[in-house]
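Here the structure is laid out as structure tokens; the discussion comes afterwards.
In what follows, chains are A, B, ... by sequence order, proteins preceding strands, each numbered from 1.
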Amino acid sequence: MKICASKSYGSKTVFENFALDIKDGEILCVLGRSGSGKTTLLNILAGLTEFSGQTEGVPERVGYIFQEPRLLPNLTVAENLAYIGAANAEIDEILRKTELLGLKDKRPKELSGGEKQRVSIARAFLSDAPLLLLDEPFSSLDTALKIRLSRVFAELWQEKKRTAVFVTHDIEEAWMLAHRIVMIEDGEISAEFRLDDSALPREYGAGAELKRKVISEMLKK
Amino acid sequence: MKKTLLKNGIQAVVLLALVLGVWAIAYFAAGNELLVPAFSNCMKELLGLLTQGGFWQSVGNTLLRTLLAFGIALVLAVIFAVLACVYPKIGRGVSLLASVFRTLPTLAVALILLVWWGADDAPVAVAFLSLFPMLYTGILAALSQVDGELIEMSRVYKVPVKKRITRLYLPSAAPYALREAGSAAAFALKLVVSAEVLVNTYKSLGGMMQEARIYLDIPVLFALVCVTTVLGVAIELACGLIARAVERRVK
């Protein structure tokens, strides 16, 4: 799928003819500093933000893992998943895979931050959307939880092979989950890195050479 | 919890003492039973009323009218507020209608409705006309407080409108709307009784008040005002309790 977009908020231009190709079945990581337009890009893909330009092949239905889990507080875990239209059998299956089956009847206030985010990941994979969007979903979690949730995400991705656009400012998260990293700076792609085909998630803390390259790109600006 | 109950109890006793104090001062200042009757006379009349079947029938009729006016206004306010939230164009039309209702001179409308519908139904219509804009505005405000991030999530996952209304909008707005509704229900009683007084509805609290006024039975009139006040407070308290229970369930 392709996108070519321009977007401004008042006098502030976020994108000017920003073009991006997303290959089917890949996990594309968009890396950039805060305010570089990463979330705007996801919102354009999700149809939440108006923009000028065009898209090609972007599906109408997307799954979105937000920075915060965005669960309905009055519904249980299972009801939250049913809210997006999933059937009971599918819900039980995804809850088993994400090790949430025991928490199925709990409400969000009874869950930890990591458990809530796992429900959010389960919800995104439950939707039949061919495109998944992830907006820094692990940014507020500790390292151990980040690694665990990356594993959950990678296992589900392995099974469903959905195209995913993953936005983060954390090089480690990008390393663990991406097939390709694009860096955006001032509304433009400033660098692109293709990662090897090793199994996801990659080992936390490894990949020093790539990380050095990415960081040196970051420091250029 | 116990501390709050004690605090509320003390506040209620102090308030009651204050009302009785003001009553006593007014009684002695007026020095005329036709203007301000003695509290003891009122209570005697009240006890007398409580033993009469007709009194309870009047209370029942007034409460039924209150419930009817409040129920219709609440249901329509919820429907239109939800529609206004989902479809802003409808909202603009309903807001205009609510403004018109709000500016209608209630007593004049009561007299017109008395001619059209008779004394039994006019109080319901009068109360509805005042309650609907009040409830609509309150519920709309409650709905506008629904978490924008959850609305956005629902849009992304293309959750059907009906499900959004029943699972997101209504539960989120319910506690605030119920608190608003509590005050509105007590206000509904006041409106219904006022309209009953004006159109002299047969076998109603308002009708009994009008009758007491005509026969200068002031202790009975005061006793009926006391009954109406107690009923209003009871309705508001009951709605408050329901709102708190819903809030606990929703959050």
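The pair B:Glu152-A:Arg70 counts as a salt bridge, with a side-chain nitrogen and a carboxylate oxygen less than 4.0 angstrom apart.
The line from CG of A:Leu71 to CG of B:Leu150 is 8.5 Å long, rounded to the nearest 0.5 Å. Put simply, OG on B:Ser154 and CD1 on A:Ile84 are 10.5 Å apart, with the number rounded to the nearest 0.5 Å. The CZ atom of A:Arg61 sits 10.0 Å away from the OH atom of B:Tyr157 when rounded to the nearest 0.5 Å. The line from CE of B:Met153 to CD of A:Glu68 is 11.0 Å long, rounded to the nearest 0.5 Å.
Taking a 6.0 Å sphere around NZ of A:Lys160, one finds it holds more than 12 heavy atoms contributed by other residues, nucleotides or ligands. Environment of CZ in B:Arg102: crowded, with over 12 heavy atoms of neighbouring residues, nucleotides or ligands closer than 6.0 Å. Atom NZ of A:Lys2 has 12 or fewer neighbouring heavy atoms from other residues, nucleotides or ligands inside a 6.0 Å radius. Remark: A:Glu99 CD is loosely packed, at most 12 non-hydrogen atoms of other residues, nucleotides or ligands lying under 6.0 Å away. Within a 6.0 Å sphere centred on CD of A:Glu60, other residues, nucleotides and ligands contribute 12 heavy atoms or fewer. Heavy-atom contacts from other residues, nucleotides or ligands closer than 6.0 Å to CD of A:Glu188 number 12 or fewer. No more than 12 heavy atoms of other residues, nucleotides or ligands sit less than 6.0 Å from atom NZ of A:Lys106. Heavy-atom neighbours of A:Glu159 CD from other residues, nucleotides or ligands within 6.0 Å: above the threshold of 12.
Looking at A:Tyr83, both its backbone and its side chain come within 4.5 Å of chain B, counting heavy atoms on both sides. Contact annotation for A:Ala129: neither backbone nor side-chain heavy atoms come within less than 4.5 Å of a heavy atom of chain B. If you measure heavy-atom distances from A:Ala82 to chain B, the contacts under 4.5 Å come from the backbone alone. For B:Arg155, the part lying near chain A is the side chain, with the backbone staying farther off; criterion is any non-hydrogen pair under 4.5 Å. In this structure, no portion of A:Leu133 lies under 4.5 Å from any heavy atom of chain B.
In this structure, A:Asn74 contributes its side chain and B:Arg167 its backbone to a donor-acceptor pair below 3.5 Å.
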